[in-house]
Amino acid sequence: MAFTTQHLADLFAALAARMAAERDMLCALDGAIGDADHGIAMQQGMHAAQAAVAALTDPTLQDQFNAAAKGFLNAVGASSGPLYATALLRAGKVAGAQAAMPVGETPLLIMAMAEGIVHRGKAEVGQKTMVDAWAPAAQAAREGASFAEIAAAAEAGAQSTAQLVATLGRAARLGARSLGHPDPGAISAAMIIAEMTAAFARSATGGQT
Amino acid sequence: MAFTTQHLADLFAALAARMAAERDMLCALDGAIGDADHGIAMQQGMHAAQAAVAALTDPTLQDQFNAAAKGFLNAVGASSGPLYATALLRAGKVAGAQAAMPVGETPLLIMAMAEGIVHRGKAEVGQKTMVDAWAPAAQAAREGASFAEIAAAAEAGAQSTAQLVATLGRAARLGARSLGHPDPGAISAAMIIAEMTAAFARSATGGQT
Amino acid sequence: MTLTQKLINDGNATVDEMLTGVMAAHGDLLQRPSPRAIVARHGPRPGKVALVIGGGSGHEPTFLGFVGRGLADAAAVGNVFASPPPQPCVDAAMAADGGAGVLFMYGNYAGDVMNFDMATELLEMEGIEARTVLTTDDIASAPEVAMRRGVAGNVFIFKAAGAAADLMLPLDEVERVARHANARTYTMGVALSACSLPQTRRPNFDLPGGEMEIGMGIHGEPGVRRGPLQSANEVADEIMDALLAEMQAPTGAKVAVLVNSLGSTPLMELYIVFARVAERLAGAGLQVHRALVGPYCTSMEMAGASITLMHLDDELTGLLDHPCHCAMFRQG
Amino acid sequence: MTLTQKLINDGNATVDEMLTGVMAAHGDLLQRPSPRAIVARHGPRPGKVALVIGGGSGHEPTFLGFVGRGLADAAAVGNVFASPPPQPCVDAAMAADGGAGVLFMYGNYAGDVMNFDMATELLEMEGIEARTVLTTDDIASAPEVAMRRGVAGNVFIFKAAGAAADLMLPLDEVERVARHANARTYTMGVALSACSLPQTRRPNFDLPGGEMEIGMGIHGEPGVRRGPLQSANEVADEIMDALLAEMQAPTGAKVAVLVNSLGSTPLMELYIVFARVAERLAGAGLQVHRALVGPYCTSMEMAGASITLMHLDDELTGLLDHPCHCAMFRQG
Ligand SMILES: Nc1ncnc2c1ncn2[C@@H]1O[C@H](COP(=O)(O)OP(=O)(O)O)[C@@H](O)[C@H]1O
Ligand SMILES: Nc1ncnc2c1ncn2[C@@H]1O[C@H](COP(=O)(O)OP(=O)(O)O)[C@@H](O)[C@H]1O
Ligand SMILES: [Mg+2]
Ligand SMILES: [Mg+2]
Ligand SMILES: [Mg+2]
Ligand SMILES: [Mg+2]
């Protein structure tokens with residue numbers, strides 16, 4: 001079974017819809033420890049990514065990831081922009097200039113995105129950032145876990161950020177006062193990973209999106 | 001029985017206390033058709049008048065009214081300032097440079113104040129201003145009505161302003177929209193006249209304030 | 001109901017404490033000859049008509065912010081939303097007097113008229129001639145011009161008169177210019193929230209969330225229409241329709257524009273409004289010669305904005321272009 | 001819960017519509033080479049270091065209001081409270097480049113650092129050297145200076161660097177001046193209400209009536225202490241105690257002071273605060289060389305204020321005195 005450009009286009013549409021639906025909730029989370037705009041950044045970013053991908057005519061998977069990266073970055077800026085743009089570019093490199101990739105290789109996309117985010121933001125696990133969702137997901141992927149397990153690892157990592165003290169990003173200045181509040185970027189990351197793994201799983205069963 | 005400088009000093013103290021107590025209510029009335037500050041103007045004005053009078057050493061009645069006029073005007077400005085300053089100066093002229101006046105002549109003070117207010121503001125009865133309280137009170141005084149009747153005339157006049165359309169002052173621009181709201185200056189005028197006539201009546205019975 | 005959040009000490013002392021701060025910050029430009037009179041250090045001079053403005057506080061930078069060389073020579077400062085009493089008007093006039101007469105300019109409000117008129121009588125006794133030009137730019141405040149309030153258009157009207165005085169024109173001329181400027185200036189505003197007097201810290205009217213009031217006065221005097229809050233473009237269009245109809249300027253005419261914040265409406269929103277105003281003016285074939293955008297005539301923390309158009313001719317254009325150097329308004 | 005009252009059209013279009021208005025109002029001073037880049041018409045010139053500032057919108061007049069001859073050559077404009085992406089930073093830098101290098105200056109926020117750093121890499125490919133000086137004046141935002149946020153002190157810090165660039169100093173010198181200015185600038189603020197993003201129109205945090213938060217960031221980032229709203233003097237004293245302790249200036253030293261509104265706090269309150277600040281400075285034996293009072297670095301309609309002190313030396317004094325002519329900030 002293959003993960004095709006059609007599947008990827010549908011995935012970006014799903015991500016845009018999901019971020020639009022979660023916008024106000026993510027803003028509220030950011031309001032507690034940051035500047036209340038994370039939901040807007042993710043909604044605008046994924047909307048732009050989806051639109052940029054939809055505008056392509058018979059692209060390769062890499063074309064799609066590159067267009068999504070550029071669209072996301074230029075629409076958003078902020079912290080999320082460079083982080084997700086780098087992540088998506090890395091994913092594009094892995095997917096390559098082809099119209100489809102084996103579903104069995106899609107976990108590499110999660111790993112590549114996690115690396116891109118760490119490369120750009122220099123964050124380590126435990127600093128209360130989106131890395132706390134991406135790193136465990138990548139780790140699970142590396143260990144050959146199922147799509148469901150990868151998503152679960154991301155979700156657990158995201159939830160764990162409530163117990164962490166931020167040392168990077170806007171929340172860093174809060175120190176101990178960031179305790180008890182999950183990191184908005186980690187929460188949105190878990191949602192993204194959930195959408196991605198669900199799309200991979202659907203493509204595995206050949207199911208239409 | 002005489003109305004003495006002691007009675008007048010006590011009257012200004014009573015007026016200051018009354019305006020302080022009614023401040024927020026008068027502001028609310030002014031808020032409906034004006035700029036919401038009438039209670040502040042009357043409270044500050046009567047407070048200053050009372051303080052200026054208290055500062056005098058064996059004054060005549062006219063000294064007291066003049067000091068009150070100056071104190072009120074300089075503390076307040078606004079519309080109320082010139083109107084009440086002029087009213088108090090006129091009252092002082094009538095009271096004269098003496099330490100007491102016959103209680104039977106005190107209605108002349110009401111008439112003089114009403115004249116002063118009309119002189120300064122050029123308002124006529126029916127224009128929804130404090131004149132709608134002062135004029136009927138002065139008319140009753142002219143006709144030899146009792147103190148209670150004078151106060152009642154002022155109160156009736158003040159209440160009648162709710163049915164009037166303003167043509168002077170801030171409320172004038174409202175036109176018909178000022179209908180239904182009493183004029184704050186007329187309401188405070190009725191309170192002042194009530195305090196004054198009560199003080200006159202007390203002095204008549206020789207009662208201490 | 002909670003009290004409005006204000007950074008103050010004593011609600012009855014706000015004006016005097018503000019003036020202490022103004023003098024501490026701008027002592028190089030301003031003097032304070034008496035507690036409620038503010039005079040320009042570099043404006044008044046022998047032979048020059050003294051332009052003296054004033055009114056209630058709470059509209060800062062109007063009035064005292066416009067005292068300075070090239071604009072007003074002095075300002076009389078009242079309590080919040082209350083005309084100053086006659087004495088500060090007299091003090092301001094005497095301190096600014098250059099022997100060429102005094103022109104009082106202020107918004108058309110019953111209280112201000114009574115107090116400044118008393119001041120004029122007192123100045124007569126001092127042998128100083130003081131004349132008065134009332135500003136009446138708020139087209140929403142009454143059908144007849146003579147009954148209208150003076151609001152944000154003061155900035156342009158005072159500026160024109162101040163320039164005429166700075167050019168050493170005689171009192172007759174400065175008065176003529178002032179009336180001419182006022183006659184060609186049109187303002188209309190919209191309120192999105194109330195403001196609160198510092199003494200009470202309670203909203204001076206209530207405007208439910210989701211509503212706006214078109215034509216509301218800068219003291220919260222009721223306006224002409226209350227309705228659901230509309231978009232910036234719809235609001236700008238409603239106001240511009242009224243202003244353009246009133247102004248009756250031929251195509252090709254030049255205008256000065258002020259998009260003013262009533263207080264808490266931020267620059268971002270003012271520029272969004274200005275974008276539409278500029279479109280509408282272009283559509284009407286009018287040229288924007290000068291544009292001011294910002295808080296020029298406020299009502300403390302009231303949310304909302306006003307739009308002012310001054311219909312320029314060559315004389316007014318030159319006067320608006322004249323430099324001025326005030327503590328809160330700088331040009332040229 | 002009702003939505004915050006804003007005079008806007010589309011919550012997602014506020015920044016672009018604002019820029020349309022800014023260009024309509026200030027086309028004589030500003031250019032817009034790309035949608036989110038604003039460049040001074042009269043600033044950039046051959047041989048001059050290009051000072052390029054930028055950051056999220058919602059702080060107007062910061063940043064774009066400080067673009068003009070004598071101050072910043074260009075600004076990159078982000079979404080509300082969001083760093084601009086790299087492209088507008090590149091566009092602003094290329095438009096302002098005079099062949100003597102580019103200095104990026106902006107507040108120290110994770111997002112801005114990532115985006116401007118990407119822009120720097122892109123400029124390298126164009127053969128343009130861009131350096132960066134982060135502003136870190138918010139003493140409440142972290143103990144270590146390097147982790148602190150840049151807030152209202154930007155006005156003085158950018159002003160000093162902009163003057164150095166206008167004086168045609170080389171990149172090394174402009175960078176040195178910028179770091180020196182930042183190292184001597186200290187700000188702390190207090191919030192009395194939240195602000196709302198135009199997309200959501202919901203308060204970005206909740207601060208119950210009767211409370212204040214000391215040290216809150218200009219994006220509503222939580223501060224150092226929340227407590228009952230105190231008097232202007234108590235608040236000013238708490239902030240001044242902290243600023244003076246950080247600044248460690250010897251008696252007789254000169255300072256520049258900014259009392260800044262976060263948005264809806266009116267001039268009356270700022271001057272009441274300034275009165276106390278001036279008292280405290282006099283008490284500490286410090287001289288006020290320059291005082292700014294007004295909305296210079298805002299958070300849309302947030303209520304509150306900040307106090308900034310810049311510890312001057314002869315070099316910084318001269319640079320602050322240097323004239324500048326920006327759309328929203330005029331001096332000399
Ligand atoms: N250096 C970093 N590395 C990884 N993630 C980061 C970093 N800095 C911030 N983040 C993430 O970005 C999120 C905030 O994103 P967003 O609100 O969109 O941007 P901003 O903070 O500029 O408003 C944080 O919740 C955090 O997860
Ligand atoms: N020309 C006038 N003659 C008599 N009373 C007047 C006149 N103009 C205004 N008033 C009175 O003044 C009152 C308002 O006083 P106040 O609120 O203290 O002053 P301001 O209107 O300047 O805020 C009105 O309610 C009205 O009764
Ligand atoms: Mg954020
Ligand atoms: Mg009133
Ligand atoms: Mg008033
Ligand atoms: Mg942000």
Side-chain angles (χ1 to χ4, degrees), chain A residues 20 23-45 47-48 69-86 89 117 119-123 127 129-130 166-179 181 185, chain D residues 11-12 35-36 54-58 76-89 108-119 138 140-144 147-149 194-206 215-226 299:
Chain A
R23 186 191 80 167
D24 290 0
M25 183 274 247
L26 292 171
C27 284
L29 289 180
D30 198 22
I33 61 173
D35 62 349
D37 64 355
H38 184 60
I40 291 160
M42 295 309 296
Q43 175 261 316
Q44 289 181 335
H47 172 79
K70 202 154 178 254
F72 193 115
L73 179 61
N74 289 326
V76 171
S79 300
S80 318
L83 293 164
Y84 276 107
T86 310
L89 290 174
I117 286 164
H119 169 79
R120 173 60 58 194
K122 308 276 177 293
Q127 290 184 296
T129 71
M130 60 175 71
T167 61
L168 274 182
R170 287 182 194 280
R173 284 80 174 204
L174 272 183
R177 296 180 55 200
S178 65
L179 270 174
H181 302 281
Chain D
N12 291 311
R36 294 298 188 91
S57 292
V77 181
N79 292 337
V80 176
F81 291 179
S83 166
Q87 195 55 52
C89 305
N108 179 32
Y109 298 91
D112 297 85
V113 171
M114 287 188 270
N115 286 283
F116 277 91
D117 284 353
M118 288 175 86
D138 184 357
S141 56
E144 329 79 89
M147 290 235 345
R148 291 177 178 173
R149 297 181 290 243
C195 58
S196 301
L197 294 161
Q199 295 94 337
T200 60
R201 292 175 55 200
R202 302 210 176 279
N204 59 351
F205 56 90
D206 55 52
M216 166 143 308
I218 56 172
H219 309 90
E221 299 95 334
V224 293
R225 178 176 86 75
R226 186 173 280 209
S299 303

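Below, chain A is the first sequence line, B the second, and so on; all start at residue 1. The model shown is predicted, which means the values in this text are computed figures rather than measured ones.
Among D:S299, D:A110, D:S83, the residue making the largest number of heavy-atom pairs under 4.5 Å with chain A is D:S83.
Heavy atoms of D:P222 lying under 4.5 Å from chain A belong to its backbone as well as its side chain. Neither the backbone nor the side chain of D:R36 comes within less than 4.5 Å of any heavy atom of chain A. Proximity to chain D is limited to the backbone of A:A32, based on heavy atoms less than 4.5 angstrom apart. Only the side chain of A:I40 comes within less than 4.5 Å of a heavy atom of chain D; its backbone N, CA, C and O stay farther away. There is no contact between D:V113 and chain A, counting heavy-atom distances below 4.5 Å. When heavy atoms are compared at a cutoff of 4.5 Å, D:N108 approaches chain A by way of both its backbone and its side chain.
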Could you check D:T200 against A:R23 for side-chain contact (heavy atoms from CB on, under 4.5 Å), going step by step and ending with a plain yes or no? CA-CA 9 Å; D:T200 60; A:R23 186 191 80 167; 3.9 Å; yes
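At least one donor-acceptor pair under 3.5 Å links the side chain of D:N79 to the backbone N or O of A:A75. In this structure, D:N115 contributes its side chain and A:A78 its backbone to a donor-acceptor pair below 3.5 Å.
Expressed to the nearest 0.5 Å, how far OG of A:S79 lies from CG of D:D112 amounts to 8.0 Å.
Side-chain contact check for D:Q199 versus A:D37: every heavy-atom pair is 4.5 Å or farther apart.
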